[in-house]
Amino acid sequence: MPILSEITDLTGKLLIAMPDMGDPRFEKSVILVCSHSSEGSMGLIVNKCADEVKFPELLEQLKVTTTGQVKDTPVHFGGPVETGRGFVLHSDDFDEDEASMEIPGGYRVTATVGILEALAQGDGPSQSLMALGYAGWGPGQLEGELQNNGWLASEADSELVFSTDNDGKWSGALKNMGISAMHLSGSGGRA
């Protein structure tokens, strides 16, 4: 597993919130970074459901035609920025040409009604996660939070990202790094 100083591009990586995360919106969050550059970063929280929103109701609101029984896909709180905007994080076996953003590691993110229609018809990607809102950082902000021990960065695991066990994703992401949550300290030092 590469150490932080070896990681220059966090696109396609997971951010795992440290135990003393000061912002309750990000407490025990696991975020898939969708884009990371000198201009800023954007990611989706993959382990917090937006319990007040149900997928079939969302489709109905957007006037998306469904065929038969629609699977009650969990709708996630993707982050505190633009919470009325929807994103579908999905496997790379579905592509809407110019509308899908490719993410290293076999992911894509699409923010169109077309992917919702495909999901409603049963023709969408094999794995998907619906999110409202996103997490965003300005230039250098994420790097500062990493240096201040706010996050751990790790390789993304699609089995964990698309798992329906949202409560187990934080500890599962740590376990994938060989870290026990019980032994994780919220404060870090500098050598």
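What you see is a predicted model, and the numbers here were worked out from it, not measured in a lab.
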To check you understand the geometry: which heavy-atom pair defines the closest contact between [X] and [Y], and what is its length?
X	Y	result
I103	G12	CG2-CA, 3.6 Å
V161	L14	CG2-CD2, 4.0 Å
T11	C34	CG2-O, 3.3 Å
S171	G168	OG-O, 3.4 Å
I45	G79	CD1-CA, 3.9 Å
A156	Y107	CB-OH, 3.7 Å

Could you tell me if N47 and H76 have a donor-acceptor pair between their side chains, going purely by distance under 3.5 Å? no
How about S163 and D165: does a side-chain donor come under 3.5 Å of a side-chain acceptor? no
Going by heavy atoms in the side chains, are [X] and [Y] under 4.5 Å from each other?
X	Y	answer
E145	W137	yes
I31	F26	yes
L174	L152	yes
F77	L132	no

Counting only heavy atoms from other residues, nucleotides and ligands, does the tally under 6.0 Å from CG of D167 exceed 12? no
Should we count CD of E60 as having more than 12 external heavy atoms under 6.0 Å? no
Rounded distance (nearest 0.5 Å) linking atom CE of M101 with atom CG of L89: 9.0 Å
Report, one line per pair, each donor and acceptor closer than 3.5 Å where one atom sits in a side chain of residues 108-120; sequence neighbours left out.
| from | atom 1 | to | atom 2 | distance (Å) |
| --- | --- | --- | --- | --- |
| T110 | OG1 | H90 | NE2 | 2.7 |
| T110 | OG1 | S100 | OG | 2.7 |
| T112 | OG1 | E96 | OE1 | 2.6 |
| T112 | OG1 | E96 | OE2 | 3.3 |
| T112 | OG1 | G114 | N | 3.4 |
| T112 | OG1 | I115 | N | 3.4 |

So which pairs with a foot in residues 25-42 pass side-chain hydrogen bond (donor to acceptor under 3.5 Å, both in side chains), sequence neighbours left out? D23-R25, H36-E143
